[in-house]
Visitor: 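Have a look at this one before I ask anything.
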Amino acid sequence: MIAFVLRRIVQLVPVLLGVTLLAFLLVNLLPGNMALAILGPDASAEAIAHLQEQLGLNQPILLRYLRWLVHALTGDFGWSEIQSQPVLPTILQRFPVTVEIIVLGQLIGVALAIPCAVAVALRPQQWLDRLLGMVAYGAIATPRFLLGLLLILGFSVYWQLFPSTGFVPLFTDAVENLRSVALPAITIGVLEFAVYFRVLRGEMLRNLAEDFVLAARAKGISPLRAVLRHVLRNSAVALITVIGIGFGPLVSGAVIVESLFSLPGAGDLLVNSIYQRDAVMVQGVVVIVAMTVVLVNLVVDIAHVLLDPRIHLHDG
Amino acid sequence: MTARQALATLPRFAFRFRDGTETWIWGTVLVLIVAGCYLGPFVLPLANPEATDFANALAPVGTPGHWLGTDALGRDLLARCLYGGRISLTVSLGAVALGLVVGGTLGIVAGYRGGTVDAVISRCLDVLFAFPGLVLALTVASYLGPSLRNVTLAIAFYTVPAYARMARAGALRVREQNFVRAAQMFGGDGWYIGTRHILPNVLFLILTYAFVLIGIAMVIEAGLSFLGLGVPPPQPSWGQLIAMGKQDISDAPHIALVPGAFLFVTIAAFNRLGDILQARYG
Amino acid sequence: MQADTGVIDPLLDVRAVTQLFRLPSPLPFRKPRVVHAVSAVSFALAPGECLGLVGETGCGKSTLARTIMQVPPPTAGDILFKGESLVTAGPDRRRFLRREMQYVFQDPFASLDPTWRVADLVAEPLRIAGWDRPKIAARVEEVLRAVGIDMARYGARRPRELSGGQCQRVAVARALALSPRLLICDEVVSGLDVSIQAQLLNLFVQLRRTFGLSYLFISHDLGVVRHLSDRVAVMYLGKIVEIGPSDSVYHQPRHPYTAALLGAVPSISRGKEARRRTRIQLAGELPSPLAPPSGCRFRTRCPRAEARCAAEEPPLLADADGHAAACHFPLAEVPSSTAARNEPALSLSPTRP
């Protein structure tokens, strides 16, 4: 087990290096002049040349990368000239909002998916199964911003239950905070529900056909208890895996949702930094996001191995 | 990789139509939309999508002459959706085609050759997979500058690794088959085995995967457009049309919902057809 | 055709061939673990001869056969075909030499590309060898006829539209297309119905007569091997433990492992032969090829094992007939039913009818 974790961590090093390199190259090699972005379109050629010199933009790209990497390893992701703020603290300040809507969305997804899947496992191929199947299908085909707009239309324009924009920090007013993130979290949660439900349903129906369930039923356990104790438990591993794989796409969703609902999260920071051509900030956000995705996947893989007794690690 | 296996075994849903009937319904819907977007402007008596007509502004769905209504400037939504669909479809199909060719080749090479080649390609794919699709596309699109070609490229940053991973898994499975060993013993070289044995045997997998990926590519394209980083006006894609309708969502929701419906139906059709194909032949 | 390895130049000469596979190490920066799949195996095959290769699943039979085909090439040792080394030959020369030795796989469905048609499958080796179209078509029809498949009826079908026996016939036809001199048959009849097995075995006998083929015939089924082979080699854990003329090996096994294998074959004839055989029960499991036992590899399961067996590896020593066994304490050559009684110290029990 320890060997497996060590191996995964060692495998992670080149990936993390590649992530930082790619992010750096994307932002620095592609067209778009950073000095021009800082000084504005009216800047003189001399001023641009001077600023490029000052920012070290004339040096070879690999040298600049290495210097950036060394700084980044000590926690210094640079200084955004455009927003006049240090990169890392700004990102860390925005992160909790993103984490809040993602976690709430996942909770909504799990809270809906488990009872629905249990209900369906008790009576597969009945009307409820078909209805939920269609709902899940529809949810997966709906882009998040479209769903968000529909929710705004329903819950803030028509019924006026929740605000459509704005954010109240958790520690200012917990109730208002929940109201302000309700629609974003639901927007995320509906799609998560659809994905979780589909996976859980499939996994539960497969486990339902196993002999150990039949054996449990033969002992006289009620169908509900058999499903809860034997089927659901054995299907939970797949659910955790899917929650893990879904994390990357979820961050994409968070970017859209934050932008739609004007939430001050990391996704919103990314989009705004892109609008302002703030290369240093974009680079910081992209690297932190990618590293988070990599680490979440690592944790999920380890959890998977820990939770699934069927997996034996012979040689990894 | 346990996580990937789980993804590969996602259950398939069936609405319990007769299989054939359902395929026909979705197929017809898809053909109508695609044909409408690409041929409609030449065949149908469509209004100019940019022509403003303030007398008929904010016409609701069902207005004669403007069957899907008009926006705040009186522009015909049907025409705008059909013209816009062309952008959405072209970008998504282009990105998936790029993914199929580039990613498919990389995946087959990595899976068949194995060893160092595989290790290098796989690590590169891991790096690309660390970036959420939209985040990567956003970054690439913003720095390349918005244009049809660049947006397609930006989305290809997602489709190429997705395809490569799929093709690699398929090639790894086929490589262990004895007919590949037999071809090696007859003296077939890597190119021969790759094109004659591996490719035909993963082709079906690759083609059905295209349906799923087109859906995802359309979501990413719409997201980019929605954030204002898609193909620039005057060619608004569905995502941009929805974004523009957002301002009038409380007064005239149909401005956002009509292109939204186009987007939804198209993605649903691609997803569903992909699932049906996989369930039937996969 | 009766073999006489001493006089005629061998068609295939396998010299101390070893095949190792490295497994990725569980921890980074540790030594990789090595699977000893085939260890220093030597034998020769005369033109027109049929050598049977038997042993339990996992003993390295198939790996040895594939190593002979250079897929993959051996870790050590040399393989000579018609006196020419396949290991040191350049890629083009090797490809050329390999055309005269062909391989037939166990599972015909897996060895035929499911996306190809029968005619194309059989034509594949010819296409790779660079034949032109009309010649290919004629040859395909010819070899398909030789294995009893009607080209007009089956040529356009795909493997999944054929039965298992038909598929194996197609695979054999494909192997015959380039007029090979040696056919390596890897468990070609296992997994098929017994009646189909018999038909295929008869086909192999007939093809040998028609085309003057040599066979390396691999099977875990001793009955099947006996049906065809002039000589038999017994493999255990990557090594040949006994090799010799079929009659001699079947009637008077010298290696305890061979005796055990033969004891596991249900015999229909309840006559002399069955009575003469001694039955050895194999204890325990096949040891891991990751760490083969020292000395004699069979010693961990051998009822006759002594200290010497662990210390010293027994050489494969042949007698005048060419019957060789790698054992320090071979079963005595007593062709009478008293063999077992003569050695009461052993945990051998004679089979009684």
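Proteins come first, then strands; the chains are lettered A, B, ... in the order of their sequence lines, and each starts at number 1. Computed from a predicted model, the values in this text were never measured in an experiment.
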Visitor: Atom CZ in A/Arg198, atom CG in B/Asp275: separation rounded to 0.5 Å?
Guide: 5.5 Å

Visitor: Relative to chain B, which segment of A/Val19 carries a heavy atom at a distance below 4.5 Å: side chain, backbone, both, or neither?
Guide: both

Visitor: Contact between B/Leu227 and A/Phe145 at the side-chain level, heavy atoms closer than 4.5 Å - yes or no?
Guide: no

Visitor: On a heavy-atom basis, which atom in B/Gly133 and which in A/Ser252 lie closest, and how many Å separate them?
Guide: N-OG, 3.6 Å

Visitor: Go through A/Val255, A/Leu270, A/Val251, A/Leu149 and name the one with the most non-hydrogen pairs under 4.5 angstrom from chain B.
Guide: A/Leu149

Visitor: May I ask you to name which of B/Gly223, B/Gly239, B/Ala269 has the most heavy-atom pairs under 4.5 Å with chain A?
Guide: B/Gly223

Visitor: Chain B: which of A/Asn297, A/Leu21, A/Val293 shares the most heavy-atom pairs with it under 4.5 Å?
Guide: A/Val293

Visitor: Check whether B/Ile216 gets within reach of chain A through its side chain, its backbone, both or neither, counting any heavy atom under 4.5 Å.
Guide: neither

Visitor: With sequence neighbours excluded, tell me which residues meet salt bridge (Lys or Arg N to Asp or Glu O under 4.0 Å) with B/Arg86.
Guide: none

Visitor: Which region of B/Leu229, side chain (C-beta onward) or backbone (N, CA, C, O), has a non-hydrogen atom less than 4.5 Å from a non-hydrogen atom of chain A, or is it both or neither?
Guide: side chain

Visitor: Sort out for me which of A/Gly267, A/Pro249, A/Gly18 touches chain B most, counting heavy-atom pairs under 4.5 Å.
Guide: A/Gly18

Visitor: Under a 4.5 Å cutoff for heavy-atom pairs, which residue among A/Leu260, A/Val287, A/Leu205 has the most contacts with chain B?
Guide: A/Leu260

Visitor: Which heavy-atom pair separates B/Arg123 from A/Gln11 by the least distance, and what is that distance?
Guide: CD-O, 4.4 Å

Visitor: Tell me the closest heavy-atom pair linking A/Gly248 and B/Pro132, and the distance in Å.
Guide: O-CB, 3.2 Å

Visitor: Go through the atoms of B/Phe226 and report whether side chain, backbone, both or neither lie under 4.5 Å from a heavy atom of chain A.
Guide: side chain

Visitor: Does any backbone or side-chain atom of A/Tyr158 lie under 4.5 Å from a heavy atom of chain B? Answer side chain, backbone, both or neither.
Guide: neither

Visitor: If you count heavy-atom pairs within less than 4.5 Å of chain B, which of A/Ile256, A/Ile274, A/Val296, A/Val157 leads?
Guide: A/Ile274

Visitor: Considering only heavy atoms from C-beta outward, does the side chain of B/Ile267 approach that of A/Pro143 to under 4.5 Å?
Guide: yes

Visitor: Between B/Ala137, B/Gly215, B/Ser250, B/Ala141, who has the most heavy-atom pairs with chain A when the cutoff is under 4.5 Å?
Guide: B/Ser250

Visitor: Side-chain contact test, heavy atoms from C-beta onward, threshold under 4.5 Å: evaluate it for A/Ile152 versus B/Lys246 and give yes or no.
Guide: no

Visitor: Tell me, for A/Val286 versus chain B, whether the close heavy atoms (under 4.5 Å) come from the side chain, the backbone, both or neither.
Guide: both

Visitor: Select, from A/Gly138, A/Ser273, A/Ser156, the one with the greatest count of heavy-atom pairs under 4.5 Å involving chain B.
Guide: A/Gly138

Visitor: Report yes if some heavy atom in the side chain of A/Leu150 is under 4.5 Å from a heavy atom in the side chain of B/Leu257; otherwise report no.
Guide: yes

Visitor: My understanding is that only one of A/Val289, A/Leu22, A/Leu26, A/Val294 makes a side-chain contact (heavy atoms from CB on, under 4.5 Å) with B/Phe131; could you say which?
Guide: A/Leu22

